[in-house]
Amino acid sequence: MNNLISLVDKLHLENHLEKKEYITLIKAFDNTQLREYLFTLSDKVRQENYGKDVYLRGLIEFTSYCKNDCYYCGLRCSNREAERYRLSKEDILLCCEEGYSLGFRTFVLQGGEDMHYTDEIICDIVRTIKEKFSQCAVTLSIGEKSKESYQRYFDAGADRYLLRHETADLSHYSKLHPANLSGQFRQECLFNLKEIGFQTGAGFMVGSPYQTVENLADDMLFLEKLKPEMVGIGPFIPHHATPFKQEKKGSVELTLFMLALVRLALPTCLLPATTALGTADSDGRQKGLKCGANVLMPNLSPVTVRKKYLLYDNKIALGDESAQCVEQVRRMVENAGYKAVISRGDHILHR
Ligand code: SAM
Ligand code: SF4
């Protein structure tokens with residue numbers, strides 16, 4: 001036990017562990033004493049950097065079309081059952097208006113890789129949002145693009161970009177994706193985003209098919225190297241119309257453990273308690289906040305499309321209307337002992 005505690009202390013002090021040390025810790029994730037020690041420390045580190053603040057981001061899932069065929073995702077192009085929709089620029093602006101009046105100062109535009117939205121269209125949408133809501137940050141999460149495209153989005157005013165690396169191990173990556181997608185290109189995209197100046201988000205699913213403890217250790221080392229400003233981590237949850245429909249869902253306990261390790265390795269990162277965590281366990285997001293997470297992303301998409309953006313089965317939808325959804329999220333944050341704040345919620349080094 002002392003050995004495990006001293007590894008947690010080392011990660012806290014040095015923000016780094018060797019691969020074999022990460023493996024030792026991750027293998028012991030269900031040890032109650034270790035978990036208590038780690039979670040107390042990760043909550044403390046998050047409070048030292050961000051106090052009790054929890055940043056709310058308004059998530060706009062603006063397209064369910066995707067040209068890719070990731071084996072785990074309900075939006076994959078081979079899923080003929082998926083209902084597809086696209087929001088127009090006007091629809092997106094309406095979501096932002098509503099979000100702004102509800103107190104959001106960050107809008108996250110997320111979608112499949114949908115070629116309908118050319119760089120021109122994306123830049124026009126970003127520019128218009130930034131003109132109308134000048135105190136707000138815009139985050140994009142629209143997949144792998146060329147460095148030139150990323151630069152154009154940045155020049156149009158986008159502040160942040162979320163692109164989970166999914167798994168740092170290239171051979172594991174190839175078991176989750178068809179051959180036209182490569183883990184190496186995805187990682188290159190992330191380094192390009194950082195270089196351009198985006199607040200960049202990487203991340204991975206916990207319990208994705210074929211994932212090993214070694215893979216998770218490699219994910220930690222990759223995060224140490226990239227130093228992303230944001231890290232999205234959630235359990236894998238199967239979708240009934242994908243090749244992984246029979247696979248087991250990821251463990252909530254292990255997801256919480258990984259969140260806490262990330263908080264110690266990257267003390268200032270912005271760390272969401274994800275929708276997938278809230279889907280796998282009805283208290284998952286509160287638990288996430290208590291072990292180091294400090295971001296929540298309530299859904300601002302129009303009610304008519306919410307049920308069509310199905311990455312996995314039984315995805316939670318809090319409240320029918322955005323206003324209800326925000327109210328529930330605020331209450332959840334307060335009940336967990338934290339404070340939902342109205343601000344852009346930038347990374348400490350980007351203020
Ligand atoms: N298309 C963009 C991309 O892939 O980066 C953004 C949208 S994509 C749906 C956002 C994230 O959802 C992915 O990075 C993936 O980690 C997560 N996701 C997809 N399918 C999932 C599943 N079955 N369980 C949990 N998370 C999933
Ligand atoms: Fe498309 Fe993203 Fe889903 Fe892959 S994870 S199929 S890129 S929406």
Side-chain angles (χ1 to χ4, degrees), residues 57 59-86 108-117 122 139-145 149-150 153 160-168 172-174 176-178 180-183 185-187 189-190 193 198 200-211 215 219 228 230-252 254-255 258 272-281 284 297 299 301 308-316:
R57 321 294 199 198
L59 179 62
I60 304 170
E61 296 163 335
F62 72 98
T63 173
S64 67
Y65 284 85
C66 188
K67 72 174 174 57
N68 290 341
D69 217 14
C70 309
Y71 300 150
Y72 44 85
C73 178
L75 301 188
R76 66 197 301 266
C77 60
S78 298
N79 180 10
R80 304 275 167 246
E81 242 181 61
E83 291 186 67
R84 308 290 176 174
Y85 69 88
R86 289 187 176 111
V108 181
L109 269 50
Q110 186 177 80
E113 291 199 16
D114 180 355
M115 294 302 101
H116 164 84
Y117 296 89
I122 294 291
T139 304
L140 291 176
S141 179
I142 53 174
E144 298 171 16
K145 308 278 172 181
S149 295
Y150 288 147
Y153 307 154
R160 311 186 188 128
Y161 203 103
L162 302 175
L163 184 79
R164 292 185 178 182
H165 63 282
E166 311 296 1
T167 171
H172 182 218
Y173 193 94
S174 69
L176 303 179
H177 302 91
N180 67 323
L181 296 174
S182 95
F185 181 66
R186 200 154 177 102
Q187 294 181 17
C189 285
L190 281 161
L193 288 162
F198 279 103
T200 302
F204 54 92
M205 290 176 284
V206 172
S208 59
Y210 312 107
Q211 186 178 62
N215 294 152
D219 287 325
M230 305 168 288
V231 182
I233 299 179
F236 160 75
I237 303 175
H239 183 288
H240 65 276
T242 64
F244 290 158
K245 62 182 174 208
Q246 309 281 23
E247 300 288 338
K248 270 200 338 220
K249 76 171 186 198
S251 148
V252 169
L254 183 54
T255 305
M258 296 309 297
T274 55
T275 307
L277 187 55
T279 299
D281 174 345
M297 297 170 47
N299 204 322
S301 311
K308 299 182 185 167
Y309 196 85
L310 287 186
L311 314 180
Y312 43 79
D313 291 338
N314 306 316
K315 184 173 164 228
I316 42 163

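Quick caveat: nothing in here was measured; it's all calculated off a predicted structure. Start at 1 and go down the list; that is how both ligands and their atoms are numbered.
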Between Cys66 and atom 4 (Fe) of ligand 2, is there a contact where an N/O/S atom of the residue lies under 2.8 Å from the metal?
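Short answer: no, not a single N, O or S atom is under the cut-off.
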Heavy-atom gap [X] to ligand 1 smaller than 4.0 Å:
X: His165; value: no
X: Ile237; value: yes
X: His239; value: no

Using a strict cut-off of 4.0 Å, indicate which atoms of ligand 2 neighbour a heavy atom of Gly112.
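So the atoms of ligand 2 that pass are 8 (S).
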Is it the case that the side chains of Ser78 and Asp69 hold a donor-acceptor pair, with the cut-off being a distance below 3.5 Å and no angle test?
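Yes.
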Please check if any side-chain donor atom of Glu81 sits under 3.5 Å from a side-chain acceptor atom of His240, or the reverse.
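The answer is yes; a qualifying pair exists.
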Do the non-hydrogen side-chain atoms of Gln211 and Phe236 ever get within less than 4.5 Å of each other?
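They are not in side-chain contact.
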[X] heavy atoms, cut-off 4.0 Å: which ligand 1 atoms fall inside?
X: Tyr309; value: 7 (C), 9 (C)
X: Ser141; value: 6 (C)
X: Gln110; value: 6 (C), 7 (C), 10 (C)

May I ask whether atom 2 (Fe) of ligand 2 is less than 4.0 Å from at least one protein heavy atom?
no
Tell me whether atom 11 (C) of ligand 1 lies less than 4.0 Å from at least one protein heavy-atom position.
no
Should one rank Cys66, Ser64, Gly111 by closest heavy-atom distance to atom 7 (C) of ligand 1, which comes out on top?
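It is Gly111 whose heavy atom sits nearest to atom 7 (C) of ligand 1.
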Check whether any N, O or S atom of Cys77 sits under 2.8 Å from atom 1 (Fe) of ligand 2.
no
Does Glu61 approach ligand 1 within less than 4.0 angstrom via side chain, backbone, both or neither, non-hydrogen atoms only?
neither
Classify the contact between Cys70 and ligand 1 as side chain, backbone, both or neither, using a heavy-atom distance cut-off of under 4.0 Å.
neither
